[in-house]
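Encoded as structure tokens, the structure appears first; notes follow it.
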Amino acid sequence: MATTRTLLWSEDEELIRRSARDLVQARMPISHFRALRDAGSAIGMSREVWREMAGLGFAGALIPERWGGAGLGLVACAIVLEECGRTLAPTATLATAVLAATALVEGGADATRDAELPRIASGESVLGFAHDEGLHHARDGVSTRAAAGADGFTLHGEKSFVLDGTAADAFLVSARTDAGRIDLFLVPRTSRGLRITPLALVDHRSAARLALEGVRVAKGAVLSRKDGALLPRLCDRGAALLAAEMLGSTEEVFARTLAWLKERRQFGVPIGSFQALRHRAAAMSCEIELTRSIVLAAVRALEADATDAPALASAAKARATDTFLLVAAEGIQMHGGLGVTDEVDIGLFYKRAWTSRGIFGDAAFHRDRFARLGGY
Amino acid sequence: MATTRTLLWSEDEELIRRSARDLVQARMPISHFRALRDAGSAIGMSREVWREMAGLGFAGALIPERWGGAGLGLVACAIVLEECGRTLAPTATLATAVLAATALVEGGADATRDAELPRIASGESVLGFAHDEGLHHARDGVSTRAAAGADGFTLHGEKSFVLDGTAADAFLVSARTDAGRIDLFLVPRTSRGLRITPLALVDHRSAARLALEGVRVAKGAVLSRKDGALLPRLCDRGAALLAAEMLGSTEEVFARTLAWLKERRQFGVPIGSFQALRHRAAAMSCEIELTRSIVLAAVRALEADATDAPALASAAKARATDTFLLVAAEGIQMHGGLGVTDEVDIGLFYKRAWTSRGIFGDAAFHRDRFARLGGY
Amino acid sequence: MSDAGSDHARLEAFRAEARAWLEAHCPPAMRAPAESDEAEFWGGRRAAFESEAQRAWLERMVERGWTAPTWPREYGGAGLDAAAARVLEEEMRRIGARAPLKSLGMWMLAPILFEHGTEEQRREHLPPIARGEIRWCQGYSEPGAGSDLASLSTRAVRDGEMFVVDGQKIWTSHADLADWMFCLVRTDPDLPKHKGISFLLIDMASPGVRVRPIRLISGASPFCETFFTAVRVPARNLVGQAGAGWTIAKALLAHERAAISRLRDGAVQEEEPLEVLARRCVGADAEGRIADPVLRDRIAQVNLDALCNRLALQRSTEAERAGREPGPGSSMAKLYGTEINKRRKELRVAIQGWRGMGWEGDAFTPDELKSVRDWLRSRASSIEGGTSEIQLDIIAKRVLGLPG
Amino acid sequence: MSDAGSDHARLEAFRAEARAWLEAHCPPAMRAPAESDEAEFWGGRRAAFESEAQRAWLERMVERGWTAPTWPREYGGAGLDAAAARVLEEEMRRIGARAPLKSLGMWMLAPILFEHGTEEQRREHLPPIARGEIRWCQGYSEPGAGSDLASLSTRAVRDGEMFVVDGQKIWTSHADLADWMFCLVRTDPDLPKHKGISFLLIDMASPGVRVRPIRLISGASPFCETFFTAVRVPARNLVGQAGAGWTIAKALLAHERAAISRLRDGAVQEEEPLEVLARRCVGADAEGRIADPVLRDRIAQVNLDALCNRLALQRSTEAERAGREPGPGSSMAKLYGTEINKRRKELRVAIQGWRGMGWEGDAFTPDELKSVRDWLRSRASSIEGGTSEIQLDIIAKRVLGLPG
């Protein structure tokens, strides 16, 4: 599984990074996240900033120009998410710009695409991703049903963990059709029979539970690929792109920890001069380097629709999870007493590491999948 | 599973240790092991030294006085094995003094006990333990059959890994009877139809394969408990007592590594003053302390026939395995280039750690069993 | 032989007396462990009794001197020897009687006062501790001095019969609830850092003392920052010689480490076992095995390590009883106990999936929310009371004799 | 644009020429990788060709200067530029042609001679290297100086036009097969340790040189101890200034680290995959999954880490090609590559149960015995070429900029 796709950033990609970083650092420094958190913001993200990001082409990164998109591609989304990860910036990139856009472009009827895609590209419309039904991520664990009727579908079921669930104008809901296959359905927030329960999570990420009790949607609400692969494709993209966000957070925690090791003095010297800490820091930097490589490889493979993309996506999520957990835990420990207070930001990253861990599957889930795809 | 049995050594036990240590250090220092190894000794142990150990009561430690035993008990055997572990002393303690004696005392007919036990207690008779048939240890994985006839049994089957297989005068062979249960059978080395293939293992432990092609043994050769629990009891004892030997080896590797850390100088200071190494050494000493506690708890529980003995035995073997592997690997690494040469002894311990790892089940095997016994 | 015999008789007589008294005086409600740390009675002027039973139980025990059974009677104790005290403990355990009073003053300050205090200090401070009237907190850590405790910079400058104290303490547990603080201050800035430290008792009601609670990643916490601005403390509140503070502090720290590791271990025992939780969250196969074999292996690993840890603690307790002092072995116990604890808490939330990531709200059960807070709280266990790194240093130096 | 165009045309012309030549001259037997390290041709006076094809392939390539394609013709090379050399490499890979010559002298000594050597030294030593006539070994490590390489004590005392060398080297790979050694010696014992070191070329046939092979835990090894007793070495064999040895050595070490990590990675690829081995040894379920799920998870973990490691290597190779130097990143690659390698070898023997613990004899297959020796051999990979600890120090200092 060596790849012929480059693992370096192109100049264009560096420009996208520069643009994303400038925006994120200016408009969503970590104080932005703290402010939303302390305000108990039910939305969990700033729609105003999202429209700004749309202005830079990020909301429509995967949307062709004819629907108002910028067509920047999946690697651009990974770059944006990595930069968002550095400040825990809450944006609609993952669920809306990546997952909803992919689902619509690949699986939507023409009229649906014409109606929805421009509103996503412009930053007007934000969607939640509603697939999981149990405690843990599972690809096939869908018992929500979509019964076809003369003028559309009726949905019954419960979704336990909906990404961007408090912020969304509509939801991308996975459901089993009468034929037994899993398709996705666009469900507006205001639908009758839809009950939304916000989840106050430890990392203050926007999430909710959904109960669908006879929710009726139009015929055009179904999103589906002929090969039936839309859901797995979305989950792969979700896993790899979340891994990119986690990588950005990991790099930030590590940078902060490194700075602290150089600054904090104990016993008359910087604590970064203690060999035990130096070795642990060096070991972490290796883990991060490996994670960088696999995340980029996965995103490039997904973008290229390569056959090894699913395995690389799983490898990336498994790797990013373990690395983020390690670096965040070490970040707290190395910050000492300060690390466990709410005053410094390390704890915010630590909590984020643990929620991101399970979303789209934890490391064990992805190792299992990696093995299965490897035929063993 | 806290225990009311003491985890300290009694004075009597300290005396046994002293006696065992003196003998082992005088008669079987590690040079003894090297000499046997370099001579390619097919026996793998010195019968002369074994008779000396018998003189101290160690061969008959589990044998009541009426059969010439010393009745020292199982804890004494653990102490002896721990001391043997320190110098990799090859003795018949585990397979003969512990397993064969237990099997005969608990499961032998009177005539068999009268005939066999005095010869074990005196150090005359050495037995091999022939149970495993596959690549890995399995309790029930016995397809060797013992068919009952008018005047005894006929055995068919293969044993893949026989402890003390090259040294033994006879073998304790597990086999399935016509009733489907697993009993043990005494099979003399000279039996017709018995083929013995010595195994040259990486740690030069005495071991062999057996092929039994219609081997006939007398009626008195069967060893069996009414409750059918003889084999699991033997395996528990084997696991816990091997753990004791591994603990002794671990302590020795650690002591040698600690001495090296204090003695070896690099960059103008003893390498033991480098914090990274000091922390790793300190962490190892904790692991060893935990291992000491569980090994002793397991052996005392086995001696007391306590209900938690099987779980403690599995915990002890799992723990001793992981700790020995860690300490031996760190021992090599900390000894640097010298550690990988055959000139120093660390490598001998490292190899021993890896063979002991699998005998009577590796750490994963015992964690599985520990969980099963815990009801989950 | 006859000495031992008469001793035995004396103890058995005491046992009978204690048993009868406890049967008569321990309220039924006090014959079960407290439901939480907060439900225990920790004493002090601001303390309120949770129940009438709690008040009665304390008062009766105080009257007999049995809150501090081995202390001399003149300090509020009962003057029991160690053997009799153990009998009392056994009899209390027999009926499940909880401790009537939990007290940092009793566990940590009292041994110091007995060894280093003056007779006046003992008479002033010990009886209110035994009666649960005064609650103490410990003022060691400072923001600028984490693991390097001895680099503390809170100053106490002599001014006639008073010290004037300026500086800041951090991680003072329950400083907001405590009446007094025993703390380390720097009385001589010119001496090498370990030498200029003294052990001082400060009344928290003194003008110039300000306390601010600390918010942790797990939410609200018992920890505080304590600020001293020109606080005047009578010189008679100095314990031991000026400059002897570091020696006193070190003795205390070994006790603290042992206390933390045992406390943790005791606490986790009462939680729902990981395997039961896992069976509920991920299911089980036909033979009752947790359905996810990789998770099951990890649970077995943690349970097995926790068992080893408990046995190692038992071993060191036995060794202590057999006459050895709590030495650097307590560093091992602290290190391992906290690391196991962290692993267990992590596994607990991981097993619960997104339900193990709740912060607040009705979407989660109280048990779920508690496991999350406990997990976050556990991150501090390897930092407070001496970081894991410091414990490793201590083990390397004192147990292994490594240079450096 | 027209420059680039003509350059392209030139390279394509060269490609056509090379392709035709290789098709015509590379013997079919040389169009597959060697079966083992020993089956490669390493050159030297004592070297024997494994086959006539091997001899022919070397001779033909030497004739064209293509064993060292970028070297100037006067030193035995072909004077190709980097682009043309890459074309040649590509064309060789296209038909699976193996390297006609493997050579420590070419990879390690030659770059040093080009940068620091004299014209005489280049003319004397480079052509025999390019022709595979002289085999070199490296004399860096000493028994008293492990990780602290610079504390070496082999002395070279000037005596007129000669140096007199006394001392001992260790871990000199294939010193028993080499004709010459490039090594570090102390020429000035009075200077600080890094300053008094020089880089010297020694003919192994000189009187006073004695070589003793080292036995490892894995059995016989290519490593030797080399003893020097009053060995007389012409002063013209000094490379660079006296005292410049350390600077030269450091440059070499970075190359060595990169070489080791790539070598390892390339090598393991050819082994039977762990999952295939595991399916054979412990079985599989109906869906083809390894029957032991805990083992399966560990295999996936190692495979996944190895994949990440390969990608990281690819990334750093790409970065180098894009113009960055091989810097301390090679320490990361070395560290991670060897640690992965150790884990993989361990897993391999563990999967095989007692069959993975064979030392010799017919009871085991050659593959089983090889996996055991490889596993034991792998323990040295985190020690040789700079221990893992040294790599961590280097990363902490040079990559992370940590003090100390």
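Throughout, protein chains are lettered first and strands after them, A, B, ... in sequence-line order, and every chain is numbered starting at 1.
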Compare all side-chain heavy atoms of [X] with those of [Y] and state whether any distance is below 4.5 angstrom.
X        : Y        : answer
A:Leu258 : D:Leu402 : yes
A:Ser285 : D:Met332 : yes
D:Leu311 : A:Leu290 : no

note = Whatever's closer than 4.5 Å to a heavy atom in chain D on A:Ala316 counts as neither
task = Measure distances from A:Arg280 to the heavy atoms of chain D and classify the residue's part below 4.5 Å as side chain, backbone, both or neither.
result = neither
Could you tell me which non-hydrogen atom of [X] sits nearest to which non-hydrogen atom of [Y], and how far apart they are?
X        : Y        : value
D:Arg296 : A:Tyr376 : NE-O, 3.3 Å
A:Ala282 : D:Ala396 : CB-N, 4.0 Å
A:Leu8   : D:Ala322 : CD1-CB, 4.1 Å

To the closest 0.5 Å, what do you measure between [atom1] ([X]) and [atom2] ([Y])?
X        : Y        : atom1 : atom2 : value
A:Arg367 : D:Ile299 : CZ    : CD1   : 12.5 Å
D:Glu339 : A:Cys286 : CD    : SG    : 9.5 Å
A:Ser273 : D:Lys397 : OG    : NZ    : 12.5 Å
D:Asp305 : A:Arg319 : CG    : CZ    : 4.5 Å

query = Is the shortest distance from a Lys or Arg side-chain nitrogen in D:Arg315 or A:Glu289 to a carboxylate oxygen in the other one below 4.0 Å?
reply = yes
request  = Using a cut-off of 6.0 Å, state whether more than 12 heavy atoms not belonging to A:Arg278 lie near its atom CZ.
outcome  = yes
task = Name all residues meeting the side chain to side chain donor-acceptor pair (under 3.5 Å) criterion together with A:Gln333; count only those two or more places apart in sequence or in a different chain, and write none if there are none.
result = C:Ser382, C:Glu389
Per-residue contacts, residues 233-255 of chain A versus chain D, heavy atoms under 4.5 Å = A:Phe254
message = I need the contact set between residues 261-268 of chain A and chain D: heavy-atom distance under 4.5 Å, sorted by residue number.
response = A:Leu261, A:Lys262
query = Do you know which of D:Ala300, D:Ala312, D:Gly288, D:Ala278 has the most heavy-atom pairs under 4.5 Å to chain A?
reply = D:Ala300
message = Using the rule given for side-chain contact (heavy atoms from CB on, under 4.5 Å), can you reason through D:Asp393 versus A:His279, listing the C-alpha separation, both sets of side-chain angles and the distance that settles it, and then say yes or no?
response = CA-CA 7 Å; D:Asp393 275 333; A:His279 276 197; 3.0 Å; yes
key: Residues A:Thr6 and D:Glu318: side-chain donor-acceptor under 3.5 angstrom   = yes
Which portion of D:Leu335 sits near chain A, non-hydrogen atoms under 4.5 angstrom = side chain
ask   = What part of D:Asp285 is in contact with chain A, defined as an atom under 4.5 angstrom from a non-hydrogen atom: side chain, backbone, both or neither?
value = neither
note = residues 83-96 of chain D vs chain A, non-hydrogen distance cutoff under 4.5 Å, contacting residues -> none
inquiry  = Checking side chain to side chain contact (heavy atoms under 4.5 Å, CB included) between D:Cys308 and each of A:Ile294, A:Val295, A:Thr291, which is the one that passes?
reply    = A:Ile294
